[in-house]
Amino acid sequence: MKRFAVGYEFFARIIMMVVMVNIAFIVHTVMGLVLGGFFPSLAASYTTYRAWTLSVEDRSWTVRQTWSVFHRAWKSELRSANLFGWPQFAVWFLLLWEYWFVQHNNLGTQGFAVSGVLLVVNIFYALFVLVSWGVRSNFNEGAWWMVRTSLTLIIVRPLCSVIIVVLLLVVAFAYYQWPGLMIAFGVSIPIFATMMTLYSWGKLPGMDVHDIEPMEKDQNKKQQSRTR
């Protein structure tokens with residue numbers, strides 16, 4: 001019973017943290033007048049989840065701790081996140097516009113083929129965008145390095161890529177079925193799902209479950225031995 005209570009509390013704290021990240025995302029986006037605050041808020045969300053993942057000693061974060069980590073990350077990302085995000089947005093806007101154009105114009109048999117190709121390209125690009133921000137939160141490198149590393153990760157870690165896509169489809173379905181979830185969690189859940197997948201299957205240096213979890217177990221054993 002005690003184990004169940006501890007597990008329930010830990011799960012509830014994770015939910016609280018995800019909701020808090022969504023609130024912080026909205027507030028800080030407005031603080032940046034939307035256009036200037038959206039991408040720093042996106043980067044801060046990834047950074048917050050990375051910091052939580054690496055908090056081996058205690059992942060039961062409070063509301064204040066979540067907000068503090070997010071706010072510090074947001075302030076540090078005001079310039080660099082916009083420089084990284086707006087070119088991505090421009091490319092995605094073009095891809096989405098091309099897909100919309102093909103869908104709403106009769107281009108014959110070739111139109112169906114082009115539509116299918118553009119759909120696959122848009123899904124791949126969405127995956128790339130999500131992964132690239134996760135990679136960016138873990139490395140302090142240039143933009144082109146981030147792009148190359150993200151594309152390489154998507155290709156050489158197919159299981160990781162597939163799981164991210166599946167989780168996003170599940171989240172999209174849940175949001176469609178229960179719109180209240182979208183209000184409560186917003187973009188926070190997709191980002192959290194992406195980071196947890198990268199942590200579990202991405203094998204990123206410095207953010208790999210196979211390196212971090214053994215460390216956590218060793219520390220727990222040390223703490224238990226001290227209390228005896």
Side-chain angles (χ1 to χ4, degrees), residues 5-86 88 129-141 143 146 164 167 171 180-200 202 204-209 211-213 215-220 222-223:
V6 172
Y8 179 81
E9 180 184 0
F10 180 67
F11 180 75
R13 284 184 176 273
I14 293 177
I15 297 297
M16 181 180 65
M17 177 190 65
V18 174
V19 172
M20 194 62 215
V21 168
N22 183 48
I23 295 173
F25 184 98
I26 296 172
V27 171
H28 285 78
T29 299
V30 174
M31 285 172 57
L33 302 179
V34 181
L35 295 180
F38 177 81
F39 290 114
S41 296
L42 188 66
S45 300
Y46 277 92
T47 300
T48 300
Y49 286 138
R50 179 182 181 274
W52 176 82
T53 300
L54 300 182
S55 298
V56 178
E57 295 182 357
D58 183 15
R59 290 186 174 132
S60 298
W61 280 20
T62 62
V63 169
R64 182 177 181 179
Q65 187 175 3
T66 303
W67 180 273
S68 177
V69 173
F70 189 102
H71 184 67
R72 285 199 304 269
W74 184 82
K75 288 196 299 182
S76 67
E77 292 282 5
L78 281 172
R79 181 176 181 274
S80 58
N82 280 304
L83 291 175
F84 188 75
W86 281 108
Q88 282 188 344
V129 170
L130 288 168
V131 170
S132 67
W133 287 94
V135 171
R136 184 179 178 277
S137 71
N138 194 57
F139 297 102
N140 185 21
E141 300 288 346
M146 302 291 184
I164 291 175
L167 289 176
V171 171
L181 292 177
M182 184 184 296
I183 298 174
F185 297 107
V187 299
S188 187
I189 279 288
I191 295 173
F192 181 75
T194 300
M195 287 299 285
M196 292 304 98
T197 306
L198 290 175
Y199 170 65
S200 301
L204 292 174
M207 197 180 73
D208 184 359
V209 65
D211 296 331
I212 296 174
E213 294 300 333
M215 290 171 54
E216 184 178 18
K217 292 179 181 178
D218 291 341
Q219 291 193 11
N220 289 336
K222 291 179 180 179
Q223 291 178 356

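One is the number of the first residue; the rest follow in order along the sequence.
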For this session: Using the six-membered ring wherever Trp is involved, compare the ring planes of Trp52 and Phe10 and label them parallel, tilted or perpendicular (cut-offs 30° and 60°).
Result: parallel
For this session: Work out which heavy atom in Ser137 is nearest to a heavy atom in Met195; give both atom names and the distance.
Result: OG-CE, 3.6 Å
Seminar exercise, completed: Ala51 and Val69 have their tightest heavy-atom pair at CB-CG1, 4.1 Å
Exercise. Any side-chain heavy atom of Met196 sitting closer than 4.5 Å to one from Thr53?
Worked result: yes
Seminar exercise, completed: So CZ of Phe39 and CZ of Phe84: to nearest 0.5 Å the spacing works out to 10.0 Å
Problem set entry | Flag, side chain of Tyr46 to backbone of Leu130, donor-acceptor distance under 3.5 Å | yes
Exercise. Side chain of Asn82, backbone of Leu78: donor and acceptor closer than 3.5 Å?
Worked result: yes
Exercise. How far does CZ of Phe192 sit from CE of Met17, to the nearest 0.5 angstrom?
Worked result: 5.0 Å
For this session: Would you check if the side chain of Ser41 reaches a backbone N or O of Thr29 as a donor-acceptor pair within less than 3.5 Å?
Result: yes
Exercise. Is there a donor-acceptor contact under 3.5 Å from the side chain of Ser188 to the main chain of Val19?
Worked result: no
Exercise. How many angstroms lie between atom CD1 of Ile15 and atom CZ of Phe185, to the nearest 0.5 angstrom?
Worked result: 5.0 Å
Exercise. Which heavy atom in Ile191 sits nearest to a heavy atom in Tyr49, and how many Å separate them?
Worked result: CG2-CD1, 3.7 Å
Exercise. Can you find a heavy atom in the side chain of Val27 that is under 4.5 Å from one in the side chain of Phe70?
Worked result: no
Problem set entry | Heavy-atom side-chain contact between Ser45 and Trp133 under 4.5 Å | no
For this session: Would you please name every residue forming a side-chain contact (heavy atoms from CB on, under 4.5 Å) with Ser68, sequence neighbours left out?
Result: Arg72
Seminar exercise, completed: So CZ of Arg13 and CG of Asp58: to nearest 0.5 Å the spacing works out to 8.0 Å
For this session: Enter the distance from Arg59:CZ to Leu54:CG here, rounded to the nearest 0.5 Å.
Result: 8.0 Å
For this session: Output yes when a side-chain donor or acceptor of His28 lies under 3.5 Å from a complementary backbone atom of Ala24, and no otherwise.
Result: yes
Problem set entry | Backbone of Pro205 reached by a side-chain donor or acceptor of Asn138 within 3.5 Å | yes
